[in-house]
Undergrad: 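Just passing along the structure, written as C-alpha cells.
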Amino acid sequence: MSFVRYTPEDSVVSVETVVRPMWSGNTNLLTTFYTSTVITSSFYLNVYAEAPGSSLSTSASVQFAVQYGNKYGSGSAYINPSVTTRLPDSSSITPTRVVYGQYRTLLLGTESGSFTFGSDNPNGIYIINIARNRYKEHIQPGSLTLNLSNGGNKISLTDDSQVSSTTNYTTNGLLYYTLISGSGGIKSSNVAANASIYGYLFPDNDIMVLNPTALSKSAANGGIGFNPTVQTPGADNDVDGAFYNTISAGAYFALQSAENVAAHYFFTRVKNQDFNYTTNPSIIDNNGNLIYSTLINNPQTFITTVGLYNNQNELLAVAKLSRPLVKDFTKEALIKVKLDY
C-alpha cells in the first residue's frame with residue numbers, strides 16, 4: 001500500500017454557525033406558558049410550553065426557569081426557620097440570597113460584588129435561565145424578542161448585539177450584551193429618554209438578568225410599572241410567580257440556539273502518476289504476472305475510498321466517494337475530505 005503525506009497547504013479549518021429553534025416542537029416562538037403545581041421550589045419556577053402531564057407532547061418539558069435573587073435575602077422565607085439571625089453583611093439565609101449569590105459568582109466571578117445596570121444598583125435581580133436540553137451550545141445573539149406586560153403596560157426587549165459597536169465581557173471573562181427596547185435585534189425607535197438599562201444577556205451561559213429598577217418605572221419612563229412586594233427576609237412574597245406573570249401576559253418569547261461546528265478540510269490531490277495500479281493480490285498469478293495483459297501498458301483503477309492515517313500508518317478516518325472515480329495515467333483528481341467535529 002502506498003501513502004501520500006498531506007502538506008500544510010493541503011488542509012484548512014473552517015467554523016460554521018448552525019442556528020436552530022430554541023423551543024420544543026422545533027419552534028422559535030412561545031406564546032403560551034404553563035407552570036407546575038406538583039414540581040415546586042422556593043429557588044426557581046419552571047416554565048413549560050404546555051401543561052405538564054398533558055398528552056405525551058415533548059412541549060410539556062421544561063423550556064426555561066424564572067428566578068428572583070436578592071442580595072440581602074428579602075422576598076422569601078428562611079431556609080431554616082430556626083436560623084433567622086442576620087449575617088455580617090446584613091443578609092439572611094433565604095433562597096433569594098442563595099440565588100443572588102449563585103449568579104453573582106457564576107457571571108461576575110465575585111462573592112462580594114453587586115449587579116449594576118448603568119446608574120442603577122438594585123438589591124434584587126430577575127433571572128431567566130434557559131433549560132440545558134433546549135440548546136446545543138448557546139443563544140443566537142440578535143434572535144431574542146421578549147414581551148413583558150403588567151397592568152396594560154407592555155414592553156418588548158431584545159439584545160444589542162446587532163447595533164452595538166463594542167463587545168463586552170465581565171471581569172469573569174464572560175461575553176454579555178445589553179437588553180434594550182426592541183425586537184429581533186432591532187432597537188425600537190420609541191424609547192423613553194430616561195429609560196434604564198433593562199438587563200443583560202449572557203449568550204454563552206443562556207442566562208438573562210433583568211433590572212428591577214427599569215421594569216418598575218412607569219410606561220412613560222420606559223418601564224411597565226412592575227414593582228412586586230419584596231419584604232424583609234422571612235416572608236415569601238412569590239416574586240418568581242409575579243415575574244412569570246409578566247412573561248405570560250406578554251405572550252411572546254422568541255429565541256434561537258446556535259452551535260459552532262468546526263470542519264477540517266483535507267484536499268487530497270491524486271496526480272497522474274499516482275495510484276494507477278491496484279494493490280489487490282488477486283490480480284497477480286502464481287508466477288507474479290498480471291492476469292490481465294491489457295493492464296500492463298494501460299493500467300486503470302477506480303478510487304472509492306480515501307483513508308486518513310497518522311505517522312504510524314494507523315487508519316484514523318475513512319471517506320467514501322459517492323461513486324467510483326476512474327483513474328489512469330491521463331487523469332488527475334482533487335478530492336475534498338471534510339471532517340466535522
Undergrad: Ring centroid separation for Y200 and F117, is it under 6.0 angstrom?
TA: yes
Undergrad: So Y126 and F226, would you call those rings parallel, tilted or perpendicular, with 30° and 60° as cut-offs?
TA: tilted
Undergrad: Out of K331, K327, Q300, which residue meets the side-chain hydrogen bond (donor to acceptor under 3.5 Å, both in side chains) rule with N276?
TA: K327
Undergrad: Could you tell me whether the side chain of V318 reaches within less than 4.5 Å of the side chain of K320, counting heavy atoms only?
TA: yes
Undergrad: Is any side-chain heavy atom of Y48 closer than 4.5 Å to one of S36?
TA: yes
Undergrad: Any side-chain heavy atom of L175 within less than 4.5 Å of one from P203?
TA: yes
Undergrad: Checking T170 side chain against N172 main chain: does a donor-acceptor pair fall under 3.5 Å?
TA: yes
Undergrad: Using side-chain contact (heavy atoms from CB on, under 4.5 Å), reason through F302 and V326 one step at a time and then give a plain yes or no.
TA: CA-CA 5 Å; F302 292 84; V326 179; 3.3 Å; yes
Undergrad: Any sub-3.5 Å donor-acceptor pair from N150's side-chain atoms to G225's backbone N or O?
TA: yes
Undergrad: Step by step, would you call S196 with D120 a side chain to side chain donor-acceptor pair (under 3.5 Å)?
TA: CA-CA 8 Å; S196 299; D120 295 336; 2.8 Å; yes
Undergrad: When you measure from the side chain of N46 to the backbone of V62, do you find a donor-acceptor pair of N or O atoms at a distance under 3.5 Å?
TA: no
Undergrad: For atom CZ of R5, is the number of surrounding heavy atoms from other residues, nucleotides or ligands below 6.0 Å larger than 12?
TA: no
Undergrad: Return the CG to NE2 distance between N205 and H138, rounded to the nearest 0.5 Å.
TA: 11.5 Å
Undergrad: Using modelled atom types and a 3.5 Å cut-off, is there a donor and acceptor pairing between side-chain atoms of T171 and backbone atoms of L108?
TA: yes
Undergrad: Are the side chain of S76 and the backbone of T96 linked by a donor-acceptor contact shorter than 3.5 Å?
TA: yes
Undergrad: Starting from Y252, can I reach L179 by hopping between I/L/V/M/F/W/Y residues whose side chains sit under 4.5 Å apart?
TA: no
Undergrad: If you count heavy atoms of other groups shown closer than 6.0 angstrom to CD of E314, is the number above 12?
TA: yes
Undergrad: Hey, is the main chain of L144 close enough, under 3.5 Å, to the side chain of T158 for a donor-acceptor pair?
TA: yes
Undergrad: Can you see which heavy atom on V306 is nearest to which on Y6, and at what distance?
TA: CG1-OH, 4.0 Å
Undergrad: Kindly give the heavy-atom pair with the smallest separation between R134 and S61, and that separation in Å.
TA: NH1-OG, 4.0 Å
Undergrad: Look up atom OG in S114 and atom CG in N121, then write down how far apart they are to the nearest 0.5 Å.
TA: 5.0 Å
Undergrad: Mind checking the OH-CG spacing from Y169 to D204? Nearest 0.5 Å is all I need.
TA: 8.0 Å
Undergrad: Mind listing the closest non-hydrogen atom pair of Y198 and A214 along with its distance?
TA: CD2-CB, 3.8 Å
Undergrad: In Å, rounded to the nearest 0.5 Å, how long is the span from CG of D10 to NZ of K336?
TA: 14.0 Å
Undergrad: Identify the heavy atoms of S92 and R97 that sit nearest to each other, and give their distance.
TA: O-CD, 2.7 Å
Undergrad: Quick one: closest heavy-atom pair of P21 and N26, and the distance?
TA: CG-OD1, 3.3 Å
Undergrad: With a 4.5 Å limit on heavy-atom distance, are the side chains of R86 and P233 in contact?
TA: yes
Undergrad: After noting the C-alpha distance and the side-chain angles of N129 and Y103, does the key distance pass the side chain to side chain donor-acceptor pair (under 3.5 Å) rule?
TA: CA-CA 11 Å; N129 196 327; Y103 287 96; 2.8 Å; yes
Undergrad: Looking only at atom types and distance, does a side-chain atom of Y244 sit under 3.5 Å from a main-chain N or O of F33, one as donor and one as acceptor?
TA: yes
Undergrad: Counting distance only, does the side-chain N/O of S181 pair as donor-acceptor with the main-chain N or O of L157 below 3.5 Å?
TA: no
Undergrad: Should we count CG of N190 as having more than 12 external heavy atoms under 6.0 Å?
TA: no
Undergrad: Would F253 and F64 count as a close aromatic pair, with their ring centres under 6.0 Å?
TA: yes
Undergrad: Just wondering, do I139 and D159 contact through their side chains at under 4.5 Å, heavy atoms?
TA: no
Undergrad: I'd like to know if the side chain of K71 reaches the main chain of G101, judged simply by a donor and an acceptor atom lying under 3.5 Å from each other, with no hydrogens or angles considered.
TA: no
Undergrad: CG/L146 to CD1/I155 distance, rounded to the nearest 0.5 angstrom?
TA: 9.5 Å
Undergrad: Determine the minimum heavy-atom distance between A317 and L339, stating which atoms define it.
TA: CB-CD2, 4.3 Å
Undergrad: So does T178 get a backbone contact from the side chain of D160, meaning a donor-acceptor N/O pair under 3.5 Å?
TA: yes
Undergrad: Do E137 and V18 come close enough that some side-chain heavy atom pair is under 4.5 Å?
TA: no
Undergrad: State the CG-CD distance between L255 and Q63, to the nearest 0.5 angstrom.
TA: 11.0 Å
